[in-house]
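Working notes for the structure below.
Every heavy atom of this structure was used, including side-chain atoms; hydrogens, water molecules and symmetry mates were not. Just so it is clear: chains get the letters A, B, ... in the order the sequence lines come, proteins before strands, and each one is counted from 1.
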Number of protein chains: 2
Amino acid sequence: MSRKLAYRNLPQLFLKAREELLCHFRPIITHFGLTEQQWRILRALGEMEQLEPREICEHCHILSPSMTGVLSRMEEMGLVTRVRMPEDQRRVIVRLTPKSEQLVSELGPLIVEQYKIIEQAFGPELIKELYEVMDRVIAAERGPISRIELPPKKDWANLKF
Amino acid sequence: MSRKLAYRNLPQLFLKAREELLCHFRPIITHFGLTEQQWRILRALGEMEQLEPREICEHCHILSPSMTGVLSRMEEMGLVTRVRMPEDQRRVIVRLTPKSEQLVSELGPLIVEQYKIIEQAFGPELIKELYEVMDRVIAAERGPISRIELPPKKDWANLKF
DNA sequence: ATTCAATCATTAACATATTAGCCAGTCAAC
DNA sequence: GTTGACTGGCTAATATGTTAATGATTGAAT
């Protein structure tokens, strides 16, 4: 009874391919004492000047509960400032500090250098295709995809066999 | 001073695209009381009959320290058995249980159904291209890619500005 | 002015990711 | 038979992912 499914695990392939790329950047990022998520946020703030936590979540693909902790630690490290908006006490403005501005200006060019190296190694066409295919996947609407009907829920965790 | 880097954040695009796919499978997996990682392991064991933790780590892209906890919880739930190899007490054999065999045989077809739906929504060519591009990225050798030289390390976390 | 739904950030609880280090078991060289 | 390098699984410590719920704040409807 071959249990082999008809489709290879696509999300897992994404995971593997992503790791394949990231392993070339991780050493650079950790060299500066940052985590990958912290660098995503620094890079976003470097490009957008100022953002609200909610906007950073969307842009960097980090969930809100994680964001709270990440920003707290970054504030502690002196990498960002958090200021409540006077006109709406729920919202917050996040900015880079002089220190992190400096950090980004040093780290950014190194990342770009690494991209160039990877582009040569992978072949420029592959990189181009990558961006293109990714965009097409992301562009595919989430909504209109129908959902399969699920069988009645069993409590597998407590089922005895 | 526009800080915009020359390259879009490619690992982040992978993250987004992966999430775009996974959000169609996650409801199915959680419906059965599983996490995504647990399903990856169950699927692998369903196809390979028996595996050692080290092999599962490679196949499912889960690091060894995480694997310890995941397998412990799965053993606790009665989803896998762990047996030490007599001839080499360091190694362990992991297998499905009758319960999880049953689970996989129920869950697997639902996953396949969802793939078919996604394939129709995305277009079969896109899926095909996806698999192809992913494989090319993964095939790109990790070794021969040269590393940029890093500047002397500063302790950014404690630098005062 | 009060009520009510919606919004934003946060907390709580648990699972996993990541890095470093540990420890027992194996195996080959001495 | 010891030593020493190596392997495989594990622990520890910290950071993040994930889901659900809380709490304060706002704005619109009453």
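By the ring pair (Phe, Tyr, Trp, His ring centres under 6.0 Å) test, Y131(B) is found to be paired with no residue, residues two or more places apart in sequence or in another chain being considered. Take Q37(B) and apply the side chain to side chain donor-acceptor pair (under 3.5 Å) test, not counting sequence neighbours, and it matches no residue. Residues passing the ring pair (Phe, Tyr, Trp, His ring centres under 6.0 Å) test with Y115(A), sequence neighbours excluded: F25(A), Y7(B). Residues forming a salt bridge (Lys or Arg N to Asp or Glu O under 4.0 Å) with E55(A) (at least two apart in sequence, or on another chain): none. Checked against side chain to side chain donor-acceptor pair (under 3.5 Å), R82(A) has the following partners two or more places apart in sequence or in another chain: S72(A), E75(A). By the side chain to side chain donor-acceptor pair (under 3.5 Å) test, R18(B) is found to be paired with E36(B), residues two or more places apart in sequence or in another chain being considered.
Put simply, CD on Q12(B) and CG on L10(B) are 10.5 Å apart, with the number rounded to the nearest 0.5 Å.
Following rounding to the nearest Å, E36(B) (CD) and dT16(C) (C1') show an atom-to-atom distance of 10 Å. Nucleotide dT7(C) holds its C1' atom 13 Å from the CE atom of M85(A), rounded to whole Å. Rounded to a whole Å, the CZ atom of R73(B) is 17 Å from the P atom of dA13(C). Following rounding to the nearest Å, L34(A) (CG) and dT18(C) (P) show an atom-to-atom distance of 16 Å. Taking atom CD on E76(B) and atom C1' on dC14(C), their separation rounds to 15 Å, with Å as the unit.
Other members of the cluster containing L63(A) do not exist, because no ILVMFWY side chain is joined to it at under 4.5 Å.
Nucleic acid contact for T35(A): sugar-phosphate only, since backbone atoms but no base atoms lie under 4.0 Å from a heavy atom of the residue.
Contact record, L79(A) with L42(A): O-CD2, 4.2 Å, taken as the closest heavy-atom pair.
Both L22(B) and R91(B) sit near DNA chain D, but only R91(B) has its closest nucleotide nearer the 5' end. Between M67(B) and V70(A), the one whose closest nucleotide on DNA chain D sits nearer the 5' end is M67(B). Closest-nucleotide positions on DNA chain C for S64(B) and L71(A) were compared, and the one nearer the 5' end corresponds to L71(A).
From the 5' end on, the contacts that DNA chain D makes with chain A at under 4.0 Å to a non-hydrogen atom open and close at dA15(D) to dT26(D).
Note on Q37(B): a side-chain N or O is less than 4.0 Å away from OP1 or OP2 of dA17(C).
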For nucleotides 19-25 of chain C, tabulate all protein N/O to nucleotide N/O atom pairs closer than 3.5 Å, reporting atom names and distance.
| unit_1 | atom_1 | unit_2 | atom_2 | d |
| --- | --- | --- | --- | --- |
| dG25(C) | N2 | R90(B) | NH1 | 3.0 |

